[in-house]
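Report on the following structure.
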Amino acid sequence: MEPSDIPNVLTDELRATLSSLAVATITHQLQGRQIRNTFLSELKPLLPNQRLVGRARTLRYVALREDRLPELSAGQNAQRRVVEAMSDGDVLVIEARDVPDAGTVGDIYAMRAYHLGALGIVTDGALRDTGAIAELGRPVYHRSSHGATWGRQHMPFSYDEPITCAGVFIEPGDIIVGDDDGAVVIPHALAAEVAADAEAQEHREAFAIERVRSGESPRGLFPLSDERRPEYEEWSRQKGSSS
């Protein structure tokens, strides 16, 4: 896929909305649409208290086979090409077959991706130079850390094509959202409606949290029942008039 063909649905307004929403809320909204496998399981954030919202640019590693390694690793291989293709608002998302014991990206290529505009990195494999990548201060989600280069287990095969990362299907242009829970993938065609519904859900939950904090039972509040809806709507009006 050519970079010009990759969808780019993230307006400033949509990015701001998604940045305010919990990954758990977004995942719930996708489950409600019968899209159940969107959370990148077992990938942990490298640094705490960071948010990530960006457009997926993908890199696929395949299993090492020594007779093909010279061809696939030489010159401007797929890893180098995708890094050089990064632009503002992108997230480098790497399929590494959940292999924990070989690096998939190190500090030099991470630094280059960030310099070109990337906002973060997601890999279902290992980071190499983990401490140095942490010092760059950008959001990263990864399965493990390992000192070996990718050539121990992987070959860079393709980029900007659909991949499976941490068991989740991802297309270039899909939206990656991350927080302390982990990262979730929103199909790009659904991003605006998921954001709107997730924002409405969190508004209802704010009402429930306020009531439960004051000592009420969650019953009828979470989820919001028809009986409590008029109370919620009045609360919402009051909040709107006081803001």
Side-chain angles (χ1 to χ4, degrees), residues 6-33 35-41 43-57 86-93 114 117-122 134 136-142 165-166 168 170-171 173-214 218 221-224 228-229 231-243:
I6 298 172
N8 191 4
V9 302
L10 272 177
T11 62
D12 290 343
E13 181 181 6
L14 180 56
R15 184 186 300 278
T17 299
L18 289 170
S19 295
S20 72
L21 299 170
V23 163
T25 306
I26 294 168
T27 304
H28 177 79
Q29 284 295 323
L30 290 164
Q31 285 179 304
R33 290 166 169 79
I35 307 173
R36 298 184 179 89
N37 191 31
T38 58
F39 183 83
L40 297 163
S41 297
L43 301 193
K44 54 185 180 292
L46 179 59
L47 297 171
N49 304 317
Q50 289 189 318
R51 296 300 311 261
L52 175 62
V53 178
R55 180 180 71 153
R57 302 291 298 278
M86 290 289 109
S87 60
D88 289 345
D90 288 343
V91 177
L92 175 58
V93 185
Y114 295 148
L119 298 177
I121 296 171
V122 176
L136 299 175
R138 302 293 185 90
V140 176
Y141 293 84
H142 67 303
C165 180
V168 176
I170 302 170
E171 295 183 285
D174 287 345
I175 307 305
I176 308 296
V177 182
D179 64 12
D180 280 345
D181 275 353
V184 65
V185 180
I186 310 174
H188 62 267
L190 299 178
E193 69 175 71
V194 167
D197 288 351
E199 188 174 38
Q201 177 186 331
E202 290 201 349
H203 194 261
R204 294 190 300 271
E205 290 177 359
F207 169 70
I209 288 168
E210 184 177 293
R211 293 295 191 267
V212 172
R213 185 176 287 131
S214 69
L221 293 169
F222 182 74
L224 184 67
R228 300 299 295 268
R229 184 168 291 277
E231 184 183 350
Y232 160 71
E233 291 173 351
E234 176 60 27
W235 173 88
S236 184
R237 279 192 292 271
Q238 292 178 2
K239 289 289 184 182
S241 63
S242 63
S243 62

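The basis for the numbers below is simple: all heavy atoms, side chains too, and nothing from hydrogens, waters or symmetry mates.
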Rounded distance (nearest 0.5 Å) linking atom [atom1] of [X] with atom [atom2] of [Y]:
X: Arg51; Y: Leu119; atom1: CZ; atom2: CG; value: 13.0 Å
X: Glu234; Y: Lys239; atom1: CD; atom2: NZ; value: 12.5 Å
X: Ile209; Y: Leu221; atom1: CD1; atom2: CG; value: 11.0 Å
X: Leu190; Y: Arg33; atom1: CG; atom2: CZ; value: 6.5 Å
X: Asp90; Y: Tyr114; atom1: CG; atom2: OH; value: 12.5 Å

Can you tell if the side chain of [X] reaches within under 4.5 Å of the side chain of [Y], non-hydrogen atoms only?
X: Leu18; Y: Ile26; answer: yes
X: Arg204; Y: Trp235; answer: no
X: Ile175; Y: Val185; answer: no
X: Val168; Y: Phe39; answer: no
X: Arg57; Y: Val93; answer: no
X: Ile121; Y: Val91; answer: no
X: Leu21; Y: Val177; answer: no
X: Val53; Y: Leu10; answer: yes

Under 3.5 Å, side chain of [X] to main-chain N/O of [Y], donor-acceptor pair present?
X: Asp174; Y: His188; answer: yes
X: Asp197; Y: Val194; answer: no
X: Gln29; Y: Gln201; answer: no
X: Arg138; Y: Ala118; answer: yes
X: Ser19; Y: Arg15; answer: yes
X: Asp180; Y: Asn49; answer: yes
X: Tyr141; Y: Asp179; answer: yes
X: Thr27; Y: Val23; answer: yes
X: His142; Y: Lys44; answer: yes

Where is the tightest heavy-atom contact between [X] and [Y], given as atom of each residue plus distance?
X: Ala166; Y: Ser41; result: CB-O, 3.9 Å
X: Pro187; Y: Leu30; result: CD-CD2, 3.9 Å
X: Leu52; Y: Pro139; result: CB-CB, 3.9 Å
X: Ala192; Y: Leu14; result: CA-CD1, 4.0 Å
X: Cys165; Y: Leu40; result: O-CD2, 3.0 Å

Using 4.0 Å as the upper bound for N to carboxylate O, is an ion pair formed by Arg228 and Glu231?
yes
Counting heavy atoms not belonging to His28, are there more than 12 under 6.0 Å from its NE2?
no
May I ask you to check whether over 12 heavy atoms, not counting those of Tyr232, lie within 6.0 Å of atom OH?
yes
Which is it for Glu202 and Thr25 under the side chain to side chain donor-acceptor pair (under 3.5 Å) test, yes or no, and what are the steps along the way?
CA-CA 7 Å; Glu202 290 201 349; Thr25 306; 2.6 Å; yes
